[in-house]
Number of protein chains: 2
Amino acid sequence: MFSKACKYAIRAVLYLAVHSSPENKVGVKAIAEDLQVPKHFLAKILQQLSRDQLISSVKGPNGGFYMADENLNVPMEKIIKSFDGMEVFTSCILGLPVCSAENPCPLHVQAFAYREGLYYQLQHQSIREMADRVKLQELKL
Amino acid sequence: MFSKACKYAIRAVLYLAVHSSPENKVGVKAIAEDLQVPKHFLAKILQQLSRDQLISSVKGPNGGFYMADENLNVPMEKIIKSFDGMEVFTSCILGLPVCSAENPCPLHVQAFAYREGLYYQLQHQSIREMADRVKLQELKL
DNA sequence: TTTATTTAAGACAAATGAGTCTTTTAATAT
DNA sequence: ATATTAAAAGACTCATTTGTCTTAAATAAA
Ligand code: SF4
Ligand code: SF4
């Protein structure tokens with residue numbers, strides 16, 4: 001479904017949403033260890049998230065990554081779009097050139113409803129809401 | 001979601017289900033051209049399908065690939081399993097080591113329904129049924 | 001101001017996936 | 001039997017993704 005980079009990104013953002021704040025920043029190393037993800041690869045991912053303003057960061061001593069308030073209000077969808085693009089939600093599951101209701105592929109009925117459902121959820125759920133659920137239900141990242 | 005090999009396989013099998021019979025076999029070339037898929041790559045895919053007895057084939061003049069009656073009764077699921085394995089349905093969407101209800105990942109609610117629903121459909125729909133729909137609704141492959 | 005610390009950037013390498021090409025094997029029509 | 005046809009097999013190349021490493025830039029504490 002999603003690329004590894006995208007999966008790591010989702011986990012990292014939720015991790016930051018749960019474990020960081022503007023007063024309490026977290027470094028790549030800590031995140032990588034906690035999530036059990038390749039450190040340098042994660043670093044690049046965090047950089048991209050930062051460039052896209054999905055997370056915040058400051059350099060230097062006591063620096064690190066964190067979620068600012070405005071970061072928490074964006075929908076989950078944005079993370080995925082940043083890494084895998086809109087295609088994961090729009091491109092045909094069978095790899096046909098175009099996905100349209102007029103020219104549906106054979107898996108249309110099966111696949112369409114589910115993909116749309118997932119997309120809807122990711123569009124309408126903010127990182128904050130999702131992170132709250134993670135905290136409340138003690139979900140593992 | 002699925003690998004290209006798997007997507008091509010699904011399309012090729014449905015193509016054969018619609019356009020072939022034991023009396024009317026089809027060669028790689030024709031399939032590749034109709035589906036607009038790399039010929040040699042498709043050849044390998046058809047070979048794998050044949051090895052796994054998901055399609056039938058005979059060599060030599062007037063030979064080619066076709067669907068025997070028993071091939072048509074297997075569920076769509078088998079094609080996917082043959083290429084991408086069960087993992088596409090069982091492995092965590094976020095790439096966590098284990099996917100379980102006790103230790104759910106943050107996307108659990110959103111993603112689980114999607115994947116399970118799709119899997120259920122693919123398990124309970126035979127190639128024949130799917131091909132019939134393709135014919136009836138004139139779906140494009 | 002210097003030094004330690006941490007992100008930013010980008011080159012590089014390894015692994016996987018996708019696609020191509022050539023040769024071998026089997027079937028069948030003549 | 002032989003020639004022809006088409007699948008089977010496997011080596012090979014190319015592209016993309018994933019992962020590593022090194023250096024630069026920024027910030028803050030000493
Ligand atoms: S199954 Fe239908 S709706 Fe889904 S991607 Fe293919 S064409 Fe589009
Ligand atoms: S979201 Fe939950 S159910 Fe889906 S793969 Fe991850 S852990 Fe499993």
Side-chain angles (χ1 to χ4, degrees), chain A residues 1-12 16 20 22-33 35-68 71 82-85 87-88 91 94-95, chain B residues 1-12 16 20 22-33 35-68 71 82-85 87-88 91 94-95:
Chain A
M1 178 95 222
F2 303 133
S3 68
K4 282 208 174 173
C6 188
K7 292 173 183 173
Y8 293 163
I10 296 169
R11 293 171 65 195
L16 286 175
S20 84
E23 302 80 42
N24 185 18
K25 308 181 188 68
V26 191
V28 203
K29 202 178 159 205
I31 306 174
E33 280 169 5
L35 297 184
Q36 292 261 66
V37 152
K39 188 171 70 175
H40 290 107
F41 192 26
L42 181 63
K44 287 209 307 188
I45 289 163
L46 291 168
Q47 281 160 32
Q48 178 172 336
L49 286 166
S50 183
R51 267 196 304 275
D52 292 355
Q53 315 207 22
L54 294 170
I55 66 178
S56 305
S57 72
V58 296
K59 293 178 178 178
N62 289 313
F65 298 93
Y66 65 99
M67 295 298 275
N71 292 323
S82 168
F83 285 86
D84 290 355
E87 301 85 61
V88 273
S91 68
L94 290 190
Chain B
M1 180 96 222
F2 304 132
S3 69
K4 284 211 171 170
C6 188
K7 292 173 182 173
Y8 293 163
I10 296 170
R11 292 171 66 196
L16 286 175
S20 83
E23 301 80 42
N24 185 20
K25 308 179 188 69
V26 191
V28 202
K29 202 178 158 205
I31 307 174
E33 281 169 5
L35 297 184
Q36 293 263 63
V37 152
K39 188 170 71 176
H40 291 107
F41 192 26
L42 180 63
K44 288 208 307 187
I45 290 163
L46 291 168
Q47 280 161 33
Q48 179 173 336
L49 286 166
S50 182
R51 268 198 303 275
D52 292 356
Q53 314 205 25
L54 294 170
I55 65 178
S56 306
S57 72
V58 296
K59 293 179 180 180
N62 289 313
F65 298 93
Y66 65 99
M67 296 299 276
N71 293 323
S82 168
F83 285 86
D84 290 355
E87 302 85 61
V88 272
S91 68
L94 290 191

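Heavy-atom minimum distance, A:Asn62 versus A:Lys25: O-CD, 3.9 Å. A pairwise comparison of heavy atoms in B:Met67 and B:Ile55 identifies SD-CG2, 3.6 Å as the closest pair. Taking every heavy atom of both residues into account, B:Arg11 and B:Val37 meet most closely at NH1-CG2, 3.9 Å. Taking every heavy atom of both residues into account, A:Gln53 and A:Asn71 meet most closely at O-OD1, 3.1 Å. Here the shortest heavy-atom pairing between A:Ser82 and A:Leu54 reads CB-CD1, 4.0 Å.
The side chain of B:Lys4 contributes an N or O atom lying less than 4.0 Å from OP1 or OP2 of C:dG19. Distances shorter than 4.0 Å separate some side-chain N or O of A:Tyr8 from OP1 or OP2 on D:dG19. Between A:Arg51 and the phosphate of C:dT7, there is no side-chain N or O to OP1/OP2 separation shorter than 4.0 Å. Taking only side-chain nitrogens and oxygens, B:Ser50 never comes nearer than 4.0 Å to OP1 or OP2 of D:dA7.
Considering only the side chain of B:Gln47, D:dA9 comes nearest among D:dT18, C:dA18, D:dA9. Each of C:dA8, D:dC21, C:dG19 was ranked by its minimum atom distance to the side chain of A:Ser57; first place goes to C:dA8.
To the nearest angstrom, P of D:dT13 lies 16 Å from NE2 of B:His40. In this structure, OH of B:Tyr66 is placed 11 Å from P of C:dA27, rounded to the nearest angstrom. Rounded to an integer number of Å, the gap from A:Ile55 CD1 to C:dA8 P is 8 Å. For the pair B:Lys39 NZ and D:dA6 C1', the interatomic distance rounds to 11 Å; values are reported in whole Å. Taking atom CZ of residue A:Phe2 and atom C1' of nucleotide D:dT16, one finds them 19 Å apart after rounding to whole Å. Between the CZ atom of A:Phe41 and the C1' atom of C:dG10 there is a distance of 15 Å, given to the nearest Å. Distance CD (A:Gln48) to P (C:dA8): 12 Å, rounded to an integer number of Å. Whole-Å rounding puts the A:Ile45 CD1 to D:dT17 P distance at 13 Å.
The backbone N or O of A:Phe2 sits nowhere less than 3.5 Å from a side-chain atom of A:Asp84 that would complete a donor-acceptor pair.
Against DNA chain D, the stretch residues 22-33 of chain B makes heavy-atom approaches under 4.0 Å through B:Val26, B:Gly27, B:Val28.
Using a 4.5 Å heavy-atom cutoff, the side chains of A:Lys44 and A:His40 are not in contact. Counting only heavy atoms from C-beta outward, the side chains of B:Tyr66 and B:Asn24 never approach each other to under 4.5 Å. In this structure, the side chains of B:Ile10 and B:Phe83 stay at 4.5 Å or more apart for every pair of heavy atoms. The side-chain heavy atoms of A:Leu46 and A:Ser57, taken from C-beta on, include no pair separated by under 4.5 Å.
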Inset, instruction - Spell out protein contact along nucleotides 25-30 of chain D as letters: B when the base is contacted, S when just the sugar-phosphate is, - when no protein heavy atom is under 4.0 Å; keep the 5' to 3' order. - result: BBBB--
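Put simply, the side chain of B:Lys44 and the base of C:dG19 share a donor and an acceptor less than 3.5 Å apart.
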